[in-house]
Amino acid sequence: PEVGSVEWLAQEKADRDKLQSDAERKQAELEAEIARLEKIAKDTKNLNKAIASTKKYVGRTWYALGGSTPDAWDCSGLVAWVYGQLDITLYHRASVQKTSGEIVTEPKIGDIVAFTYAGSKSAFHVGIYTGPDEMLHAGGKRGDRTAVVRIKQWAEGNGNVKVTYTRIVETNN
């Protein structure tokens with residue numbers, strides 16, 4: 001179209017409208033990404049705080065089947081208590097906790113560590129991943145106390161077990 005013609009003006013307006021629409025879409029995408037990153041930062045801070053708070057009970061809190069508070073807890077009670085501090089409710093059962101989030105192969109601090117016997121889908125024990133090959137857990141039998149232990153060593157000490165990591169919240173850990 002000839003510059004200044006009706007057709008040219010219409011094309012110019014269409015081009016400006018498209019640029020405006022593209023800019024608005026990109027702005028919305030940027031705002032969504034900022035919100036996502038802010039949530040990850042907040043979840044990281046809160047999960048680290050919950051784990052640090054729970055570590056205060058290492059060597060102090062006894063294992064008790066069905067327990068779910070720092071007075072006494074079992075493995076899934078401890079995990080539920082940690083996530084409860086983030087206002088996340090997890091069912092008080094190892095097998096359910098194992099499938100309550102995204103199964104991952106590269107664990108991050110705060111992920112659930114679940115143990116399953118070979119040939120079974122049901123987890124018999126869970127803990128909280130705290131770093132390279134370590135987990136925070138409530139023991140597994142009467143007389144045990146809350147402890148931080150090596151995952152590989154604990155798994156080997158309990159027979160032929162599979163270790164699974166479940167992510168409940170995305171973090172920067």
Side-chain angles (χ1 to χ4, degrees), residues 1-58 68-70 73 75-116 121-123 125-138 146 148-152 155 162-173:
E2 185 178 319
V3 174
S5 70
V6 172
E7 294 85 13
W8 180 84
L9 291 172
Q11 184 61 48
E12 283 293 306
K13 181 177 182 334
D15 290 346
R16 271 188 312 227
D17 289 349
K18 183 177 182 331
L19 286 173
Q20 177 71 26
S21 176
D22 289 347
E24 289 170 357
R25 182 183 47 78
K26 288 197 182 289
Q27 180 67 29
E29 289 172 358
L30 180 60
E31 289 172 3
E33 180 64 7
I34 289 169
R36 186 184 76 79
L37 293 173
E38 287 173 344
K39 181 178 182 337
I40 289 172
K42 179 182 174 194
D43 286 345
T44 300
K45 178 183 172 190
N46 291 339
L47 187 55
N48 288 342
K49 184 178 173 183
I51 291 169
S53 173
T54 308
K55 281 186 174 180
K56 293 176 187 173
Y57 300 104
V58 167
S68 61
T69 71
W73 46 36
C75 63
S76 59
L78 178 147
V79 170
W81 191 81
V82 168
Y83 278 96
Q85 293 181 71
L86 281 75
D87 292 325
I88 296 172
T89 301
L90 293 179
Y91 193 73
H92 188 162
R93 186 166 175 202
S95 291
V96 176
Q97 290 177 356
K98 174 187 168 193
T99 60
S100 292
E102 175 189 1
I103 303 295
V104 296
T105 56
E106 297 294 324
K108 291 183 177 182
I109 293 170
D111 288 346
I112 295 173
V113 183
F115 297 86
T116 308
K121 292 182 181 178
S122 297
H125 189 67
V126 288
I128 299 287
Y129 186 80
T130 58
D133 192 42
E134 288 190 343
M135 71 172 175
L136 173 64
H137 79 134
T146 302
V148 175
V149 298
R150 295 261 177 226
I151 295 167
K152 184 177 180 184
K162 179 182 178 187
V163 179
T164 304
Y165 301 99
T166 303
R167 184 154 305 141
I168 303 297
V169 295
E170 186 64 40
T171 66
N172 293 323
N173 288 330

Q. For Lys55, which residues count as a side-chain hydrogen bond (donor to acceptor under 3.5 Å, both in side chains) partner, sequence neighbours excluded?
A. none
Q: Could you check Lys26 against Glu29 for salt bridge (charged side-chain N to carboxylate O under 4.0 Å, His left out), going step by step and ending with a plain yes or no?
A: CA-CA 5 Å; Lys26 288 197 182 289; Glu29 289 172 358; 5.2 Å; no
(Q) Can you confirm whether the side chains of Gln27 and Glu31 place a donor and an acceptor under 3.5 Å from each other? (A) yes
Q: Could you tell me which residues satisfy side chain to side chain contact (heavy atoms under 4.5 Å, CB included) with Asp17, sequence neighbours excluded, listed by chain and number?
A: Lys13
Q.
Among residues at least two apart in sequence or on other chains, which ones pass side chain to side chain contact (heavy atoms under 4.5 Å, CB included) with Ile34?
A. Leu30, Glu38
Q) Are more than 12 heavy atoms from other residues, nucleotides or ligands located less than 6.0 Å from atom CZ of Arg167? A) yes
Q | Atom of Tyr57, atom of Thr146 and distance for their closest heavy-atom approach | A | O-CB, 3.4 Å
Q. What are the two closest heavy atoms between Ala50 and Val82, and how far apart are they?
A. CB-O, 3.7 Å
Q: Identify the two heavy atoms, one from Leu90 and one from Ile112, that lie closest to each other, and give their separation to 0.1 Å.
A: CD1-CD1, 4.0 Å
Q: Would you check, one step at a time, whether the test side chain to side chain donor-acceptor pair (under 3.5 Å) holds for Gln20 with Glu24?
A: CA-CA 6 Å; Gln20 177 71 26; Glu24 289 170 357; 2.8 Å; yes
Q.
Looking at every heavy atom in both Ser76 and Ala94, which two are closest together, and how far apart are they?
A. CB-N, 3.7 Å
Q.
Let me confirm one number: the CG-CD1 distance from Asp43 to Ile88, rounded to the nearest 0.5 Å.
A. 6.5 Å
Q) Taking only residues two or more places apart in sequence or in another chain, which ones pass side chain to side chain contact (heavy atoms under 4.5 Å, CB included) with Ile151? A) Val113, Phe115, Tyr129, Asp133, Met135, Val163, Tyr165
Q) Among all residues two or more places apart in sequence or in another chain, which pass the side chain to side chain contact (heavy atoms under 4.5 Å, CB included) test with Asn173? A) Thr44, Asn48, Lys108, Ile109, Thr171
Q: Would you mind listing every side-chain hydrogen bond (donor to acceptor under 3.5 Å, both in side chains) that reaches into residues 97-106, with sequence neighbours excluded?
A: Lys98-Thr116
**Q.** CA sep, side-chain torsions, deciding dist, call: His137, Cys75, side-chain contact (heavy atoms from CB on, under 4.5 Å)
**A.** CA-CA 6 Å; His137 79 134; Cys75 63; 5.6 Å; no
Q: Pick out which of Asp111, Leu78, Thr54, Val148 makes a side chain to side chain contact (heavy atoms under 4.5 Å, CB included) with Ile128.
A: Leu78
Q: Would you confirm whether Ser5, through its side chain, and Glu2, through its main-chain N or O, come within 3.5 Å as a donor-acceptor pair?
A: yes
